[in-house]
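I have placed the structure first, in the form of structure tokens, so that the comments after it can refer back to it.
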2 protein chains.
Amino acid sequence: MSESLKEDISKRIRFEQFKKGELVHNADLICTKSYFIQDGILRTYFLKDGKEISEYFCSEGEWINSPRSFMQRKKDIYYIDAIENTDVYCLDVNDLLFLFDHYPEMERYSRLSMGTLFGHLIERITSLRFTTAREKYEHFCQTYHDVNHRIPLGMIASYLGISQETLSRVRAKR
Amino acid sequence: MSESLKEDISKRIRFEQFKKGELVHNADLICTKSYFIQDGILRTYFLKDGKEISEYFCSEGEWINSPRSFMQRKKDIYYIDAIENTDVYCLDVNDLLFLFDHYPEMERYSRLSMGTLFGHLIERITSLRFTTAREKYEHFCQTYHDVNHRIPLGMIASYLGISQETLSRVRAKR
DNA sequence: TAATCTTTTTGATTTAAATCAAAAGAAATA
DNA sequence: TATTTCTTTTGATTTAAATCAAAAAGATTA
């Protein structure tokens with residue numbers, strides 16, 4: 001990464017803090033920012049039949065946004081909230097596009113990190129098809145073992161597409 | 001797209017044909033090619049407990065490969081086979097990397113099309129969590145309605161993570 | 001510290017879908 | 001065209017997980 005790019009990024013990112021339970025992004029708005037987590041956990045979720053369904057969790061060292069809203073500049077169904085008090089650096093979509101336009105290496109970085117993210121999504125799809133609740137949870141533990149016990153049981157259950165009672169019983173049997 | 005890029009691409013892609021049921025990519029090998037479908041349907045699948053589990057289907061106008069194998073140059077669990085007699089244009093990973101190195105616009109094209117693909121995967125995850133078999137199939141019909149009846153029932157069932165008997169009954173009730 | 005609210009666990013019952021089994025219908029092959 | 005093979009449908013039974021209900025445990029606030 002070139003010096004001028006580093007400088008340009010640091011000029012554009014801004015530090016922000018969110019309290020536990022606070023809404024980071026509201027689905028009523030277009031998501032114009034991407035958040036890099038310094039400390040804490042953020043969650044993406046959407047509403048189905050009035051209930052919150054967790055989509056994914058991000059912790060230290062990861063970027064989070066509402067992907068389609070951010071990339072396609074339109075509204076989407078996803079909310080983002082803070083599971084713990086969380087410190088982030090945020091980058092506006094316009095600044096990101098500026099960086100894409102001025103630094104070809106940014107395009108490349110983006111392509112490569114998309115590839116990784118892509119892999120995660122495929123893993124996720126595979127795990128959702130494992131039929132039993134136990135297998136789903138096992139898979140969750142593998143991918144999220146570091147944050148497993150920092151996330152409330154009910155949120156994990158909706159992420160896995162199983163009821164909280166079932167998840168509680170699955171955990172009890174380990 | 002610049003003329004020289006167009007020319008460079010057409011010099012590098014090669015026409016190939018596969019018979020119905022033929023293996024396009026074997027999971028024992030690294031996937032070094034990406035296939036653009038001109039006519040027909042290709043399927044990605046993997047084996048679980050000796051059974052084929054369909055991962056996704058691609059038809060006319062779409063690109064298919066074994067993503068992690070192709071992008072990270074390592075073996076992965078996915079096979080690709082032909083559901084119908086299929087005509088494709090194929091592009092080697094080295095040629096693609098050459099194009100990335102020589103045409104910044106290729107990086108951009110890749111980034112944008114990844115964004116779309118990303119959206120599809122998120123849709124997919126959402127649909128897999130819809131609890132009932134009927135809802136899963138409804139969602140499949142929306143995204144794959146044009147190829148729905150060109151794909152055998154059993155393959156759709158494994159794609160959705162439900163049994164073929166259940167899918168047959170779901171269909172009967174429509 | 002008590003009181004309230006939230007989250008998790010435990011128990012009983014119901015239900016959707018899996019499994020087992022076999023017949024019917026299509027497609028491929030001789 | 002008949003025969004074999006593969007795919008889909010239908011029926012009976014079982015099972016995993018949802019739902020309903022309530023208690024226990026853990027947080028948060030007064």
Side-chain angles (χ1 to χ4, degrees), chain A residues 18-23 40-41 43 45 47-54 57 81-86 126-141 144 147-174, chain B residues 18-23 40-41 43 45 47-54 57 79 81-86 127-141 144 147-174:
Chain A
F18 296 98
K19 287 248 157 64
K20 178 177 175 174
E22 196 179 342
L23 205 61
I41 302 181
R43 167 182 77 136
Y45 70 92
L47 297 175
K48 189 176 194 240
D49 306 328
K51 281 184 193 162
E52 297 180 359
I53 309 289
S54 302
F57 307 102
D81 68 356
I83 288 179
E84 299 175 345
N85 291 337
T86 302
T126 307
S127 96
L128 280 172
R129 262 182 324 189
F130 286 152
T131 40
T132 72
R134 203 189 115 275
E135 281 177 303
K136 284 175 193 165
Y137 183 61
E138 292 290 344
H139 195 271
F140 172 83
C141 290
Y144 279 106
V147 293
N148 188 355
H149 288 285
R150 292 161 67 186
I151 302 172
L153 177 141
M155 290 184 184
I156 296 173
S158 76
Y159 170 89
L160 295 176
I162 63 180
S163 71
Q164 13 178 58
E165 294 92 332
T166 296
L167 180 54
S168 175
R169 281 181 253 257
V170 164
R171 273 187 171 172
K173 273 189 204 128
R174 279 157 63 92
Chain B
F18 295 98
K19 287 247 156 66
K20 177 176 176 175
E22 196 179 341
L23 205 61
I41 302 180
R43 167 182 75 136
Y45 70 93
L47 299 175
K48 186 173 197 246
D49 306 328
K51 282 185 193 161
E52 297 180 359
I53 309 289
S54 301
F57 308 102
Y79 296 79
D81 67 357
I83 288 179
E84 299 175 345
N85 292 336
T86 302
S127 96
L128 280 171
R129 262 182 324 188
F130 285 152
T131 40
T132 73
R134 204 188 115 274
E135 281 176 305
K136 284 176 191 164
Y137 183 62
E138 292 290 344
H139 196 270
F140 172 83
C141 290
Y144 279 106
V147 294
N148 187 355
H149 288 285
R150 292 161 70 187
I151 302 172
L153 177 139
M155 290 185 184
I156 297 173
S158 76
Y159 171 88
L160 296 175
I162 62 181
S163 71
Q164 9 180 61
E165 294 92 331
T166 296
L167 179 54
S168 176
R169 283 181 251 257
V170 165
R171 273 188 171 170
K173 273 188 205 132
R174 280 155 63 93

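It should be emphasised that the depicted structure is a prediction, and the values quoted were computed from it without experimental measurement. The chains referred to below are lettered A, B, ... by the order of the sequence lines, with proteins before strands, and numbering in each begins at 1.
The CZ atom of A/R134 sits 20 Å away from the C1' atom of D/dA18 (whole-angstrom rounding). Going from atom CD1 of A/I156 over to atom C1' of C/dT8 covers 12 Å, rounded to whole Å. D/dG11 atom P lies 12 Å from atom NZ of B/K173, rounded to whole Å. For the pair B/K48 NZ and C/dA18 P, the computed distance is 13 Å after rounding to whole Å. In this entry the distance linking NE2 of A/H149 with P of D/dA27 reads 13 Å, nearest Å. If you measure from atom CG of A/L167 to atom P of D/dA18, you get 10 Å, rounded to the nearest angstrom. Taking atom NZ on A/K136 and atom C1' on D/dA16, their separation rounds to 11 Å, with Å as the unit. One interatomic measurement links the two molecules: CD1 of B/I53 to P of C/dA18, which rounds to 12 Å at whole-angstrom precision.
The distance from atom CD of A/E84 to atom CZ of A/R43, rounded to the nearest 0.5 Å, is 13.0 Å. With rounding to the nearest 0.5 angstrom, the CD atom of A/E135 is 12.0 Å from the CG atom of A/L160.
Across all strands, A/I162 comes closer than 4.0 Å only to sugar-phosphate atoms, never to a base (heavy-atom distances). Looking at heavy-atom distances under 4.0 Å, B/K20 makes contact with sugar-phosphate atoms alone, never a base. Note on B/G21: nothing from the nucleic acid sits closer than 4.0 angstrom, heavy atoms only.
The main-chain N or O of B/I41 is found under 3.5 Å from a side-chain atom of B/T86 such that the two form a donor-acceptor pair. Checked by atom type and distance alone, the side chain of A/Y159 never pairs as donor or acceptor with a backbone atom of A/F57 at under 3.5 Å.
When distances run from any side-chain atom of A/R169 to the nucleotides C/dA17, C/dA18, D/dT19, the shortest one goes to D/dT19. Between D/dC20, C/dT8, D/dA17, one nucleotide has an atom nearer to the side chain of A/Q164 than all others, and that is C/dT8. In this structure, of D/dT8, D/dT19, C/dT8, it is D/dT19 that holds the atom nearest to the side chain of A/E165. Set against C/dT10, C/dA18, D/dA17, the side chain of A/A133 has D/dA17 as its closest nucleotide. Closest approach to the B/L153 side chain among C/dT9, C/dG11, D/dT9 is made by D/dT9 (side chain taken as heavy atoms from C-beta onward).
Atom NZ of B/K48 has more than 12 heavy atoms from other residues, nucleotides or ligands within 6.0 Å.
Close to D/dT9, at under 4.0 Å from its OP1 or OP2, lies a side-chain N or O of B/S168. Look at B/S163 and you'll find a side-chain N or O under 4.0 angstrom from OP1 or OP2 of C/dA18.
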